[in-house]
Amino acid sequence: MAKKNEVKSEKVVIRSQGREIWRRLTKNKGAMIGLAIIILLTILACTVDLFIDYDTQIAAIDAKHRFVDPCAEFPFGTDNMGRNLFIRVIYGTKYSLFIGVMGTVFACVVGITLGLLAGYYGSPVDDVIMRIIDIIQAIPAVMMGIVIVSALGASMTNLIIAIGIAGVPYLTRITRAAVLTVKNQEYIEAAKAVGLSEAAIMVKHILPNCVSPILVAATMQVAQVILAASSLSFLGLGVPVPSPEWGSLLSAGRAYIASHAYLCLYPGIAIVITVLAFNLFGDGFRDALDPKLRK
């Protein structure tokens, strides 16, 4: 009975903390704007296949409507193959968000694991892991992406792997720092005293108390992954054509930027809005989790 009451009290505390975080988050107008944009883009990315046919509206060529300026029929104009740029930008949301989320998930899985091991065990495990992280971090993300994608071939999977590896150092350092702040707490010593395995201590006791900085870092990382993926796609090393990833649309439109600037304008605006939304939400989420950071 006492154990059930203890579990119930823990749930009440978690719910009250969640409500307080949400209350602080709702007071941040920038964060709520960012969250609204993220929700809208997510819904769009998940449902875009229901109202846009890839074969007829994305990949098909319409020579009669080449380079039509923005108008009522074509809000964003058409490209050099007569394809509706508005539809292509909308459909590109699916690729850019998927790459951003999956690249971040890859970086989180690897980075959190390495950060946990480095922070918990200390030297020499910490030294080996962090020196490897230093080497990876010394290579610019785009440069590393170019090398990996060039070696493995241009595809969405390889792009996610390349961008994910580039994001591992950031998540590793965040996790390691968080682990170092909690691993010497009394409840960790108590868990060791009752004979819990090291894996159980890391997963059940240390990691849950490191979630806040990791969540904030992951939110901010999505924006960086989208930017890096767009950069690689712009260089022809991202999602293969004719898939309308935003970086690929920028790359295709740059040859006509002098005469038809809208071909680069609208995909660029889509990238800016998405990255800004994640950054706004990430900043607000960080402040909501730690009120001391609020200005």
Q: Tell me whether Val125 is reachable from Val182 by hopping between hydrophobic residues (I, L, V, M, F, W, Y) whose side-chain heavy atoms are closer than 4.5 Å.
A: yes

Q: Can you give the donor-acceptor pairs under 3.5 Å from side chains of residues 148-171 to other protein atoms, not counting sequence neighbours?
A:
{"unit_1": "Ser150", "atom_1": "OG", "unit_2": "Ile146", "atom_2": "O", "d": "2.5"}
{"unit_1": "Ser155", "atom_1": "OG", "unit_2": "Asn158", "atom_2": "N", "d": "3.3"}
{"unit_1": "Ser155", "atom_1": "OG", "unit_2": "Asn158", "atom_2": "ND2", "d": "3.1"}
{"unit_1": "Asn158", "atom_1": "ND2", "unit_2": "Leu152", "atom_2": "O", "d": "3.1"}
{"unit_1": "Asn158", "atom_1": "ND2", "unit_2": "Gly153", "atom_2": "O", "d": "2.7"}

Q: May I ask you to check whether Gln137 and Arg173 show a side-chain donor-acceptor distance below 3.5 Å?
A: yes

Q: For the residue pair Phe86 and Tyr266, is the inter-centroid distance of their aromatic rings smaller than 6.0 Å?
A: no

Q: Side-chain donor-acceptor pairs under 3.5 Å in residues 183-193, sequence neighbours left out?
A:
{"unit_1": "Lys183", "atom_1": "NZ", "unit_2": "Gly119", "atom_2": "O", "d": "3.0"}
{"unit_1": "Gln185", "atom_1": "NE2", "unit_2": "Thr181", "atom_2": "O", "d": "3.2"}
{"unit_1": "Tyr187", "atom_1": "OH", "unit_2": "Asn209", "atom_2": "ND2", "d": "3.4"}

Q: Locate the shortest heavy-atom distance separating Ser123 from Asp127; write the atom from each residue and the value.
A: OG-OD2, 3.1 Å

Q: Is there side-chain contact between Leu196 and His205, with heavy atoms separated by less than 4.5 Å?
A: yes

Q: Please tell me whether Tyr95 and Phe106 are part of a single hydrophobic cluster in this structure, the criterion being side-chain heavy atoms less than 4.5 Å apart.
A: no

Q: From Met202 CE over to Glu198 CD, what is the distance, rounded to the nearest 0.5 angstrom?
A: 6.5 Å

Q: Is any side-chain heavy atom of Arg23 closer than 4.5 Å to one of Glu20?
A: yes

Q: Is any side-chain heavy atom of Leu180 closer than 4.5 Å to one of Tyr120?
A: no

Q: To the nearest 0.5 Å, how far apart are CD1 in Ile214 and CD in Gln221?
A: 13.0 Å

Q: Would you mind reporting whether Asn84 and Gln57 have side-chain heavy atoms less than 4.5 Å apart?
A: no

Q: Mind checking whether Leu276 and Phe278 sit in one hydrophobic cluster, side chains of I, L, V, M, F, W, Y counted as touching below 4.5 Å?
A: no

Q: Which distance, rounded to the nearest 0.5 Å, do you find between the CG of Asp62 and the OG1 of Thr56?
A: 11.5 Å

Q: Taking everything shown except Phe98 itself, do over 12 heavy atoms lie less than 6.0 Å from its CZ?
A: no

Q: Under 6.0 Å from the ring centre and within 45 degrees of the ring axis: does the NZ or CZ of Arg254 meet both conditions for the six-membered ring of Phe234?
A: yes

Q: If only atom types and distance count, is the side chain of Ser197 paired as donor or acceptor with the main-chain N or O of Ala200 below 3.5 Å?
A: yes

Q: Honestly curious: do Ile38 and Leu40 fall in one hydrophobic cluster under the side-chain, below-4.5 Å linking rule?
A: no

Q: Calculate, to the nearest 0.5 Å, the distance between atoms SG and CD1 belonging to Cys264 and Ile257 respectively.
A: 4.0 Å

Q: State, with a plain yes or no, whether a side-chain heavy atom of Thr274 is found less than 4.5 Å away from one of Leu97.
A: yes

Q: With heavy-atom distances below 4.5 Å as the criterion, would you say the side chains of Thr42 and Thr93 are in contact?
A: no

Q: Output, in order, the C-alpha distance, side-chain angles, deciding distance and verdict of side chain to side chain contact (heavy atoms under 4.5 Å, CB included) for Thr47 and Leu50.
A: CA-CA 5 Å; Thr47 61; Leu50 299 178; 4.1 Å; yes

Q: For Ile99 versus Ala229, what's the shortest heavy-atom pair and its separation?
A: CG2-CB, 3.6 Å

Q: Taking the basic N atoms (NZ, or NE/NH1/NH2) and the acidic carboxylate oxygens, is any pair closer than 4.0 Å for Arg66 and Asp79?
A: no

Q: Could you state the interatomic distance from CG (Leu227) to CH2 (Trp246), rounded to the nearest 0.5 Å?
A: 11.0 Å

Q: Return the minimal non-hydrogen interatomic distance between Asn279 and Ala223, and the atom names on each side.
A: OD1-CB, 3.7 Å

Q: Where is the tightest heavy-atom contact between Leu263 and Leu85, given as atom of each residue plus distance?
A: CA-CD2, 3.9 Å

Q: Determine, using the 4.5 Å side-chain heavy-atom cutoff (strictly less than), whether Tyr262 and Ile273 are members of one ILVMFWY cluster.
A: yes

Q: Do Pro244 and Ile58 come within less than 4.5 Å of each other through their side chains, counting heavy atoms only?
A: yes

Q: With no hydrogens and no angle check, just 3.5 Å: does a side-chain donor-acceptor pair link Glu245 and Ser233?
A: yes

Q: Are any non-hydrogen side-chain atoms of Ile132 and Ile129 less than 4.5 angstrom apart?
A: no

Q: Before giving the answer on side chain to side chain contact (heavy atoms under 4.5 Å, CB included), spell out for Leu114 and Met130 the whole-Å C-alpha distance, their side-chain angles and the decisive distance to 0.1 Å.
A: CA-CA 9 Å; Leu114 294 177; Met130 296 315 296; over 6 Å; no

Q: Could you tell me the separation between the OG1 atom of Thr172 and the CD1 atom of Ile112, rounded to the nearest 0.5 Å?
A: 9.0 Å

Q: Between Tyr54 and Asp49, do the side chains contain an N or O donor and an N or O acceptor separated by less than 3.5 Å?
A: no

Q: At their closest point, which heavy atom of Arg176 faces which heavy atom of Ala118, and how far apart are they?
A: CD-CB, 4.1 Å

Q: Which pair of heavy atoms, one from Thr78 and one from His65, lies closest together, and at what distance?
A: OG1-O, 2.5 Å

Q: Any sub-3.5 Å donor-acceptor pair from Thr113's side-chain atoms to Val109's backbone N or O?
A: yes

